[in-house]
Visitor: 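My questions all concern the structure below.
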Number of protein chains: 2
Amino acid sequence: MNTDRSVESPHFPQVGHDHARCQSWILQRAEVRCRQEGMRFIPQRREVLEILATSHRSLGAYDILERMQARARRPPPAAVYRSLEFLLGLGLIHRMAGRNTYFACTRSDHDQQIQFWICRHCGMVGETESPVVAGEWQRLSDSLGFRVSSVNVEIEGECITCRNP
Amino acid sequence: MNTDRSVESPHFPQVGHDHARCQSWILQRAEVRCRQEGMRFIPQRREVLEILATSHRSLGAYDILERMQARARRPPPAAVYRSLEFLLGLGLIHRMAGRNTYFACTRSDHDQQIQFWICRHCGMVGETESPVVAGEWQRLSDSLGFRVSSVNVEIEGECITCRNP
DNA sequence: CAAATATTGATACATTATATCGTTTCACTT
DNA sequence: AAGTGAAACGATATAATGTATCAATATTTG
C-alpha cells in the first residue's frame with residue numbers, strides 16, 4: 001500500500017494531480033481497513049466507493065445509482081444507501097449534509113476534526129484538519145458543559161482553480 | 001425593543017429561562033429588520049416564525065405545517081418553504097442541514113461565524129460565535145486560495161441539562 | 001454438510017422540497 | 001376611490017432523498 005500520504009498534501013485537489021494514484025490509494029486503504037475491522041469489502045460496496053473515488057467531487061445517492069446503471073444493472077436505492085452507510089461507518093467516505101451528497105475521504109487519519117471546503121463552481125471538495133479549531137471546540141464545549149459527539153464543518157465558496165481561470 | 005441581548009448571554013438555553021422574553025425579542029427583531037429591509041412581515045411569515053420561536057428546538061418544515069394546521073388551516077408545503085426561505089434570507093432563522101430542520105436565531109448580530117450546538121437528547125440548539133475559529137477559517141482559506149461564501153458548523157452532542165438530570 | 005449470519009433484491013412507502021400557474025392581495029399612483 | 005403592477009398565495013402535481021419490510025440468496029462458521 002502507498003503510505004506516503006501524497007494524496008493529502010495538496011489540501012485542495014489540484015487540476016493536474018495524479019488522480020489514478022488517489023483512486024488506488026482510496027481503494028487499497030478501504031481493503032486494509034475492512035480487513036482490520038473484520039468487515040467484508042464486497043463488490044457492491046467496492047463499486048460505490050470506486051464511483052465516488054473517480055473524482056474529488058461529491059455525488060448524490062441517485063447519481064451513484066445512475067453510474068451503477070451505466071456500469072452493470074441498477075440496484076434499488078436501498079442497496080446504495082446500505083453501502084454508503086457501511087462506508088460512512090468505516091470513515092471511508094463523508095456525507096455533505098448541506099447538499100445531500102457523499103464523497104470519498106482522502107485523508108489517512110481521522111481525528112474527527114475535519115473541515116470540508118466545497119467549491120460551488122466545480123464541486124471539488126477539499127479537507128483540512130485544524131488543531132486550533134479542535135482546541136476551540138474543546139474550550140467552548142467545556143464552557144457550555146456540552147459533551148460533543150460529532151462535529152460537521154462545511155465551508156462553501158470558490159476554489160483557487162476556479163478563481164484563476 | 002428589548003436591546004439588552006440577555007436572550008443570548010446563556011449560550012445554551014437554560015431550563016428555567018424566561019422564554020416569553022425570547023419569543024417577543026425574536027418577533028420584535030423580525031419586525032424591525034423587515035422594516036429596515038423594506039420587506040413585508042406578513043401573517044404567514046410571522047406565523048412560521050412564531051412557531052419556531054415557541055422553543056429553542058429546531059423543527060422540520062412538516063412539523064411547522066402540522067402546527068399551522070392546529071392553529072388555523074394547513075397551507076400547502078410550498079407556502080411554508082416560501083416563508084422559511086424569506087426568514088432565512090433575513091437571517092432570522094437558520095437551517096440545520098444535518099437534520100433538515102429550522103430554528104429561530106437568538107443572536108442579535110450576524111458575523112456569519114456562528115456555530116450550532118445541537119443536543120441529541122432534548123433537541124435544544126445553542127449558538128456560539130468564536131473569533132478564534134473565524135480567524136482560523138481566514139488563515140486556512142488564505143492558504144488554500146479559497147474564497148469563502150458560507151460556513152456551516154453543526155456540533156451534536158449532549159447539553160449540560162441532559163447530562164445532569 | 002448444516003446451521004447461523006450477513007447480504008441482496010423487490011416492493012412499497014415515507015420524508016423533504018420544488019415547479020407551475022391562475023388568482024388574490026397589497027402598496028402605490030393618480 | 002379606482003387603476004395598476006408587483007408580490008404573495010392556493011392548489012395541484014411532482015421531484016428528490018431516504019427507509020421499512022421481508023422473502024430469497026450468499027457467506028461464514030461449527
Side-chain angles (χ1 to χ4, degrees), chain A residues 30-31 34-49 51-52 57-69 71-90 92-103 118 123 152 154, chain B residues 30-31 33-52 57-69 71-90 92-103 118 123 152 154:
Chain A
E31 274 171 16
C34 283
R35 207 177 309 130
Q36 285 169 344
E37 306 285 333
M39 311 300 273
R40 295 161 57 195
F41 195 47
I42 43 194
Q44 203 165 87
R45 293 169 178 168
R46 184 187 183 88
E47 192 180 2
V48 169
L49 185 60
I51 287 168
L52 288 174
R57 294 176 172 81
S58 67
L59 295 176
Y62 284 76
D63 294 331
I64 296 170
L65 273 167
E66 280 172 23
R67 305 203 186 190
M68 290 174 91
Q69 184 166 28
R71 287 179 164 214
R73 197 145 21 93
R74 182 189 183 93
V80 169
Y81 282 103
R82 280 191 287 238
S83 294
L84 289 171
E85 189 184 3
F86 173 85
L87 297 166
L88 284 167
L90 288 184
L92 297 167
I93 65 173
H94 301 294
R95 180 184 146 86
M96 308 285 99
R99 305 185 149 211
N100 301 320
T101 55
Y102 306 83
F103 96 112
I118 304 152
N152 185 39
E154 297 177 19
Chain B
E31 275 172 15
R33 189 159 305 171
C34 282
R35 206 176 311 131
Q36 285 171 346
E37 305 286 333
M39 310 300 273
R40 295 161 58 193
F41 194 47
I42 42 193
Q44 203 166 99
R45 292 170 178 169
R46 184 186 182 90
E47 192 181 1
V48 169
L49 185 60
E50 277 174 3
I51 287 167
L52 288 173
R57 293 175 173 82
S58 68
L59 295 176
Y62 283 77
D63 295 330
I64 296 170
L65 273 167
E66 280 173 21
R67 305 203 185 191
M68 290 176 90
Q69 183 166 30
R71 286 178 164 214
R73 200 153 14 95
R74 183 189 181 93
V80 168
Y81 282 103
R82 281 191 285 236
S83 294
L84 290 171
E85 189 184 3
F86 172 84
L87 296 167
L88 285 167
L90 287 186
L92 297 167
I93 64 173
H94 301 295
R95 180 185 146 88
M96 307 285 97
R99 305 183 148 212
N100 301 319
T101 55
Y102 306 83
F103 96 114
I118 303 152
N152 185 38
E154 298 178 19

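Keep in mind that what you see is a predicted model, and the values were worked out from it rather than measured.
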Visitor: I'd like to know if B/Tyr62 reaches the base of C/dA14 with its side chain, counting only an N/O donor and acceptor under 3.5 Å.
Guide: no

Visitor: Please identify which of these residues, A/Leu87, A/Asn152, A/Leu88, meets the side chain to side chain contact (heavy atoms under 4.5 Å, CB included) condition with A/Arg95.
Guide: A/Leu88

Visitor: Using a cut-off of strictly less than 4.0 Å, decide whether A/Arg45 has a side-chain nitrogen or oxygen near OP1 or OP2 of C/dA6.
Guide: no

Visitor: Measure CG/B/Asp63 against P/C/dA17 and give the value in whole Å, please.
Guide: 11 Å

Visitor: Return whichever of B/Asn100 or B/Ile42 has its heavy-atom-nearest nucleotide of DNA chain C closer to the 5' end.
Guide: B/Asn100

Visitor: How are the rings of B/Tyr62 and B/Tyr81 set to each other: parallel, tilted or perpendicular (split at 30° and 60°)?
Guide: perpendicular

Visitor: Under the side-chain hydrogen bond (donor to acceptor under 3.5 Å, both in side chains) rule, collect the residues that match up with A/Asp63, sequence neighbours excluded.
Guide: none

Visitor: Looking at every strand, decide which applies to B/Arg82 at a 4.0 Å heavy-atom threshold: base, sugar-phosphate, or nothing.
Guide: base

Visitor: In whole angstrom, what separates A/Tyr81's OH from C/dG9's C1'?
Guide: 17 Å

Visitor: Select from B/Ala78 and B/Phe86 the residue whose nearest nucleotide in DNA chain D is closer to the 5' end of that strand.
Guide: B/Phe86

Visitor: Nearest-nucleotide wise, let me know which of A/Arg74 and B/Pro77 is further upstream toward the 5' end of DNA chain C.
Guide: A/Arg74

Visitor: Need two values: the first and the last nucleotide of DNA chain D, 5' to 3', having an atom under 4.0 Å from any heavy-atom of chain B.
Guide: D/dA7 to D/dT12

Visitor: Does B/Arg95 reach a base, just sugar-phosphate, or nothing at all? Heavy atoms under 4.0 Å.
Guide: sugar-phosphate

Visitor: CZ of B/Arg35 versus P of C/dA27: gap in Å, rounded?
Guide: 14 Å

Visitor: Tell me, please, which residues at least two apart from B/Glu50 pass salt bridge (Lys or Arg N to Asp or Glu O under 4.0 Å).
Guide: B/Arg46, B/Arg71

Visitor: Give one of base, sugar-phosphate or nothing for B/Tyr102, where a contact means two heavy atoms less than 4.0 Å apart.
Guide: sugar-phosphate

Visitor: Would you check if A/Arg82 and A/Arg45 make a side-chain contact, meaning some heavy-atom pair closer than 4.5 Å?
Guide: no

Visitor: Roughly how many Å is it from CZ in A/Arg40 to P in C/dA6, rounded to a whole number?
Guide: 9 Å

Visitor: Is there a donor-acceptor pair closer than 3.5 Å between any side-chain N or O of A/Glu154 and the backbone N or O of A/Ala97?
Guide: yes

Visitor: With a 4.5 Å limit on heavy-atom distance, are the side chains of A/Ile93 and A/Val48 in contact?
Guide: no

